[in-house]
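To keep things clear, I will list the structure first and then write my remarks on it.
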Protein chains: 2
Amino acid sequence: MTGTNRNAENRRTTIYDIAQLSSASPSAVSAILNGSWKKRRIAKATAERVIEIAEREGYARNLQASALRRERSNVIGMIMPKYDNRYFGAIAEQFEARARQRGLFPIITCTERDPDLEVEAAREMIGYRVEHVIATGATDPDRIARTCAAAGVRTLNLDLPGREAPSVISDNYAGARELTALILDRVGTDNGPLLFVGGRAADHNTGARIRGFRDEHAERGIELPDSHVLTCGYASEKARKALDDLDFELPGALFVNSTISLEGVVRWLRANKRRTLFGCFDWDPFAALLEDNVGMVRQDVSAMVSAIFDRLDTPLDDREEVRVPCILCHPGETDGDGAS
Amino acid sequence: MTGTNRNAENRRTTIYDIAQLSSASPSAVSAILNGSWKKRRIAKATAERVIEIAEREGYARNLQASALRRERSNVIGMIMPKYDNRYFGAIAEQFEARARQRGLFPIITCTERDPDLEVEAAREMIGYRVEHVIATGATDPDRIARTCAAAGVRTLNLDLPGREAPSVISDNYAGARELTALILDRVGTDNGPLLFVGGRAADHNTGARIRGFRDEHAERGIELPDSHVLTCGYASEKARKALDDLDFELPGALFVNSTISLEGVVRWLRANKRRTLFGCFDWDPFAALLEDNVGMVRQDVSAMVSAIFDRLDTPLDDREEVRVPCILCHPGETDGDGAS
DNA sequence: GCAACGTGCTACATCGATTGTGCACCCGAT
DNA sequence: ATCGGGTGCACAATCGATGTAGCACGTTGC
């Protein structure tokens, strides 16, 4: 692995070094080592010699130089709010796997739900001349889209839709409706309306879920007062506080809008020694094992990421909105890993 | 944001474009836009003019070209097995935050515990001329270290120690001993030895934890047969199977070696309608809420990542092994987010 | 009036890889 | 011996940013 020592102390081996060692020209070496030599009238023997020397010297192509010259980076970027739950973890893994499959180098940046950081991250990615930016769960997808558009970089939204780039999102309405139905079936229809906890009302996804939640109640003729929809934000602390502030009796069961909120809900139930059935729009393996958990809606990450990559090479329609069905998980089911 | 249209259809703005528009030379523009102009006899007025035009044109410095010229990438890489648990999620977030603080661009690659992918990822990072590679929970840290060393890239190990690069790891022995003590205190000393479940015996961390587990039993004069240490691997399915294959009565309490294994354990308990106290060497917010959970050992991610970054600029001692104390969490405690 | 010096820039080579163009050579046919 | 065609390569320009070396101009000192 050591090979001949570099000329200077620590310079990396370049095609020029390999050219000297193999008495070929740098251009031949370049062509040979990037595989394009078969189209370039180069003798097989030369190629083999060069490849062997390159391997012996531990040559690693300078991808920055390569990208610069070819005006093509082969890098794809993803902007993501957090890594702290299974959903985003699965997205990150799927994204990496698909990118690699396509010969793209994935770069993920986590922006902690900070809109300014999101734009800064986008700018940095543009600096690296990424070929696409995927924004997941972005606080302000359109600002990212505009920043990228100004630099000629195409954006796609995952999970949260935007108006200025195509979006792939879960079918939040249908998923929420199914989950509501499941919970209502379990708790018994005469046990009144459920309580919706978590998320932000302005948030597109939360909005769609609330509609599903409402419509399912309506279909069953259960009246649902506005007080039963607590869009208190996502943080678990906020869910806890919202339950503390409740000025009516805890309903027979809960519809919790994310695992983050569910954390707060379960803590509150424990602290107050209460038990209630609940379902959750989001999936987590341990949350699935909690008693009183009626079901979880798991977003179909694999299908969503697939849909994103399918759209990479076709001309984009910025208003397109792809809706991917969710998967309803009943607790106790054997469930594989995060990759759906 | 649009600015004057690019010469060709879609070329990105370069310092040459800005130079033309501002009637300054490319070198002046470069110096101005990268901030080095204050040391370079350039009039403030010129700088302001150039900066304004650059902003109007939405100029974004080509970081590939910059890195190529400066022979310094400002990129730092991390190799990570999975994103599917809180521990690695927290590491990724901390790593990104610290890297940014230092003005480095973080690149994370997740290698699905595949040694070949690990090396491939390292090679790709070398191609991008990363300045350091941090290997977390790598299957074969030394192979990564050798690959990087051959290219003159420094490696550091996080979580799993290696022999060929400095390592920062949790104090697995002390943490395991504390947890064992906690469980034994809860279950009552005369309830016999605990059962250790999960991990690989060859694994350094698992080894250290088993020693702590054993020593605490020994100190209390509790005999611990080898049959009570099930190093069945990490996957939850394997833990489940190991419990199925148990040929003696389930002990009074369990020491589970990771949240992944814990998933299998809890499923098995549910499926067999058994209840046992358990503790877990790893932390997860929902697992912390499971009944019968006596305590969890949470690795101090923040301190570990700090320790890694502290070592970046000092000359490295390849045999160094920094041990960071763990945090013992009692269930029901209010616990913040993953950032410790 | 001329040297000495300071200011504000520009020119050019360079980082490493890529690729279109073109040259030298060899073989066979005329 | 000469030409056409094929093979095997080398040359040089180029991608965008950077930094050194140096040029032109203006001001001051004597």
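We name chains A, B, ... by the order of the sequence lines, and we start the count at 1 in each one.
Taking only side-chain atoms of E71(A), from C-beta outward, the nucleotide of dG19(D), dT19(C), dG16(D) with the closest atom is dG16(D). Residue L68(A) has its side chain nearest to dG16(C) when only dG16(C), dA17(C), dA10(D) are considered. Considering only side-chain atoms of A28(A), the nucleotide from dC23(D), dG16(D), dA10(D) that sits closest is dA10(D). Set against dG22(C), dG16(C), dG16(D), the side chain of A65(B) has dG16(D) as its closest nucleotide. Considering only the side chain of R41(B), dG8(C) comes nearest among dT19(C), dG8(C), dA10(D). Taking every side-chain heavy atom of N62(B) into account, dG16(D) is the closest of dT14(D), dC9(C), dG16(D).
Between the CG atom of L63(B) and the P atom of dA17(D) there is a distance of 9 Å, given to the nearest Å. Atom CD1 of I15(A) is separated from atom C1' of dG16(C) by 6 Å (rounded to the nearest Å). Per the geometry, OH belonging to Y16(B) stands 9 Å off C1' belonging to dC15(D), to the nearest Å. Atom pair Q64(A):CD and dC15(C):P shows a separation of 16 Å (rounding to whole Å applied). In this structure, the CD1 atom of I42(A) is 12 Å from the P atom of dT18(C), given to the nearest Å. The CH2 atom of W37(B) sits 14 Å away from the C1' atom of dC9(C) (whole-angstrom rounding). In this structure, the NZ atom of K39(A) is 12 Å from the P atom of dT18(C), given to the nearest Å. Rounded to an integer number of Å, the gap from D17(B) CG to dC15(D) P is 11 Å.
Side chain R40(A) to base dG20(C): a donor-acceptor pair is found below 3.5 Å. For dT18(C), its base never sits under 3.5 Å from the side chain of R70(A) at any donor and acceptor pair. Contact of S27(A) with dC11(D) (side chain to base): a donor-acceptor pair of N or O atoms is detected under 3.5 Å.
With rounding to the nearest 0.5 Å, the separation of CZ in R61(A) from OG1 in T13(A) is 15.0 Å.
Judged purely by distance below 3.5 Å, without hydrogens or angles, the side chains of T139(B) and E118(B) pair a donor atom with an acceptor atom. S36(A) and R40(A) are not linked by any side-chain donor-acceptor pair at a separation below 3.5 angstrom, with hydrogens and angles left out of the test.
Among the heavy atoms of the strands lying under 4.0 Å from A24(B) are primed sugar atoms or P, OP1, OP2 only; no base atom is included. Residue S30(A) is in base contact, counting any heavy-atom pair closer than 4.0 Å across all strands shown.
Phosphate proximity of dC15(D) to R12(B): absent, as no side-chain N or O sits under 4.0 Å from OP1 or OP2. Between dA17(C) and Y59(A), a contact under 4.0 Å exists linking OP1 or OP2 to a side-chain N or O.
With respect to E124(B) and R100(A), a salt bridge is recorded, a charged nitrogen being found less than 4.0 Å from a carboxylate O. Salt bridge D116(A)/R143(A): present, at least one basic N to carboxylate O contact under 4.0 Å.
Both T46(B) and N34(A) lie close to DNA chain C; mapped to their nearest nucleotides by heavy-atom distance, the more 5′-ward contact belongs to T46(B). Two residues, P26(B) and S25(A), neighbour DNA chain D, and the one matched to the more 5' nucleotide by heavy-atom proximity is S25(A).
Residues I144(B) and A122(B) approach most closely at CG2-CB, 4.2 Å, considering heavy atoms.
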